[in-house]
S.K.: 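I am attaching a structure below and will ask some questions about it afterwards.
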Protein chains: 2
Amino acid sequence: MSTESTSAPDARLIASAEAQFRRFGFKRTTVDDITSEAGTGKGSLYLHFESKQAVYLAVVEASLERFVNSASQLLDGPGSVPERLRSLVELTIRHYGEDELLHASLFGKTGLVDGDVARMAADVQRTGIRSLLRALLAIGQREGSVRTDLDVDAAAAVLFEIGWAVVRAALEGDSQVSLDQALTTLNQIVGLGLLPRSQ
Amino acid sequence: MSTESTSAPDARLIASAEAQFRRFGFKRTTVDDITSEAGTGKGSLYLHFESKQAVYLAVVEASLERFVNSASQLLDGPGSVPERLRSLVELTIRHYGEDELLHASLFGKTGLVDGDVARMAADVQRTGIRSLLRALLAIGQREGSVRTDLDVDAAAAVLFEIGWAVVRAALEGDSQVSLDQALTTLNQIVGLGLLPRSQ
DNA sequence: TGACTGACTAGATTCGTAATCTGGTCAACA
DNA sequence: TGTTGACCAGATTACGAATCTAGTCAGTCA
């Protein structure tokens, strides 16, 4: 019952759940843990959430939202679209390197989360980040710094996969090339590929 | 003892092991299975190989070599480097879609192979395919169809990650965009990124 | 003599099952 | 009417016994 009872019950539940999930992972956190820490009865959790999985997804969504917010600032900032993409990749590596919860959910690596839940959580993240990219590309096309003959949806999907690969390689450390070199090269390749042909 | 005893013992062992691994996976295939199928005593396997893992890696290497051979023909063929890259991705998807052994080893998805072995087998494949890409890029630079300011090693690593992501997305089917659209977009982005600036 | 074998072993894995745990429910409660 | 926590079925764990198997090496044979 350490979480204060000042805020709304569902916020308390999320906060409590987040703390527990971060410490123990999805499997080893019990619904009893969450509710007693939040200071509610067990049944109350089911007034606000469909299931334990739903609580987990809500936590991931909240955490992702914070990441997307800081990423949005960056993407609205100055610099060419390729430059901002590079910054986004760097930010993602930093953020995901620190946020074990998002990391585990997206890559499913550790024993913190199991199959189904991890897949759903990964979907949430993929969708969120992809729409971030879509927005950036659309802005770039309007500004004239991105080729207009690119299909924004497809390009966002491909860029996500590319960026994801680099982030994964950086975080898992299974790349043979230094991160900086990879980012520079990626920027060279993707950068010129996004520029309008007229240039 | 169904494998003919005409060929050399180590070739017989590899052939027998490959058949067993394909059918049952690494874990459920026993050394006894392999040697009795190859018509040798159990101890003989250890005259030719360090361990069961080593046999598995040899099988993966042999299978990869066949893939690399058909890929090499393609990469030596006509077309711009980006075009040939696209063909390579398509070939990879086709090949890995059929070859459960390579697929399982690279993506570690199914229960056919477990952690350590899968990682080593994946390394073998990464190394092989990456040097394929390195060669293609070097040729492209000599031919003038690839920018010479690209670091070939880094570009090969990045292209591998990019291609890998697309192949994985295609095989796992977790992409929101059709494969063809993804390939076309990838080609647009990567293609223009590889072309010499003079163009 | 040296290539080859297969019985053997230690350690891992599987199996059976009893004990425990936990997500989700719902009758009782305030 | 909103909240609770005792309760339940099914999942998970614990654990000792039985089984399996990667790797070895003393012995066989050509």
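These numbers were taken from a predicted model, which means no experiment stands behind them. Chain identifiers are assigned alphabetically (A, B, ...) following the order of the sequence lines, protein sequences preceding nucleic acid strands; residue numbering begins at 1 within each chain.
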S.K.: Specify the separation, in whole Å, of atom CG of A:Asp33 and atom C1' of C:dG24.
M.R.: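 About 16 Å, once rounded to whole Å.
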S.K.: Keeping to residues at least two apart or across chains, list the ring pair (Phe, Tyr, Trp, His ring centres under 6.0 Å) pairs with something in residues 114-154 of chain A.
M.R.: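 Every pair satisfying ring pair (Phe, Tyr, Trp, His ring centres under 6.0 Å) with a residue in residues 114-154 of chain A: there are none.
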S.K.: Name all pairs fulfilling the salt bridge (charged side-chain N to carboxylate O under 4.0 Å, His left out) condition that reach into residues 40-64 of chain B, sequence neighbours left out, sorted by first residue then second.
M.R.: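 For residues 40-64 of chain B: B:Asp32-B:Lys42.
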S.K.: When the distance from CZ of B:Arg28 to C1' of C:dT14 is rounded to whole Å, what number comes out?
M.R.: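 It is 11 Å, rounded to the nearest whole Å.
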S.K.: Strictly under 4.0 angstrom, non-hydrogen atoms only: write out the protein contact profile of nucleotides 25-30 of chain C, one letter per nucleotide from the 5' end, B, S or -.
M.R.: B-----
S.K.: How long is the line joining NZ of A:Lys52 and P of C:dT22, in whole Å?
M.R.: 9 Å
S.K.: Output all residues satisfying salt bridge (charged side-chain N to carboxylate O under 4.0 Å, His left out) with B:Arg86, sequence neighbours left out; order by chain, then residue number.
M.R.: B:Glu90, B:Asp180
S.K.: Mind checking B:Ser44 for me? I need base, sugar-phosphate or nothing, with any heavy atom below 4.0 Å counting as a touch.
M.R.: base
S.K.: Which residues pass the side chain to side chain contact (heavy atoms under 4.5 Å, CB included) test with B:Ser87, not counting sequence neighbours?
M.R.: B:Leu74
S.K.: In chain order, what residues pass the salt bridge (charged side-chain N to carboxylate O under 4.0 Å, His left out) check against A:Asp153, with sequence neighbours excluded?
M.R.: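 Only A:Arg134 meet the salt bridge (charged side-chain N to carboxylate O under 4.0 Å, His left out) criterion with A:Asp153.
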S.K.: Between A:Phe67 and A:His95, how do the two ring planes meet: parallel, tilted or perpendicular, split at 30° and 60°?
M.R.: tilted
S.K.: Round to a whole Å and report the spacing from CG of A:Asp32 to C1' of C:dT20.
M.R.: 14 Å
S.K.: Within the 4.0 Å heavy-atom criterion, would you say A:Thr35 contacts the bases, only the backbone, or no part of the nucleic acid?
M.R.: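 Nothing: the residue A:Thr35, judged by heavy atoms under 4.0 Å, touches no strand.
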S.K.: Using the heavy-atom set of chain A and a strict 4.0 Å cut-off, write down the first and last nucleotide of DNA chain D that makes it in, 5' to 3'.
M.R.: D:dT3 to D:dT13
S.K.: Return the set of residues passing salt bridge (charged side-chain N to carboxylate O under 4.0 Å, His left out) with B:Glu18 (not counting sequence neighbours), or none when no residue passes.
M.R.: B:Arg22, B:Arg66
S.K.: Establish, from distance only, whether the side-chain atoms of A:Asn69 and A:Ser72 form a donor-acceptor pair under 3.5 Å.
M.R.: no
S.K.: For the pair made of OH in A:Tyr56 and C1' in C:dG23, what is the distance, rounded to whole Å?
M.R.: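 Distance check: A:Tyr56 OH to C:dG23 C1' gives 17 Å.
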S.K.: Taking salt bridge (charged side-chain N to carboxylate O under 4.0 Å, His left out) as the definition, give me every residue that meets it alongside A:Arg94, ordered by chain and number, with sequence neighbours left out.
M.R.: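 Partners of A:Arg94 under the salt bridge (charged side-chain N to carboxylate O under 4.0 Å, His left out) test: none.
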S.K.: Considering only C:dT14, C:dG24, C:dT22, which nucleotide approaches the side chain of B:Lys27 most closely?
M.R.: C:dT14
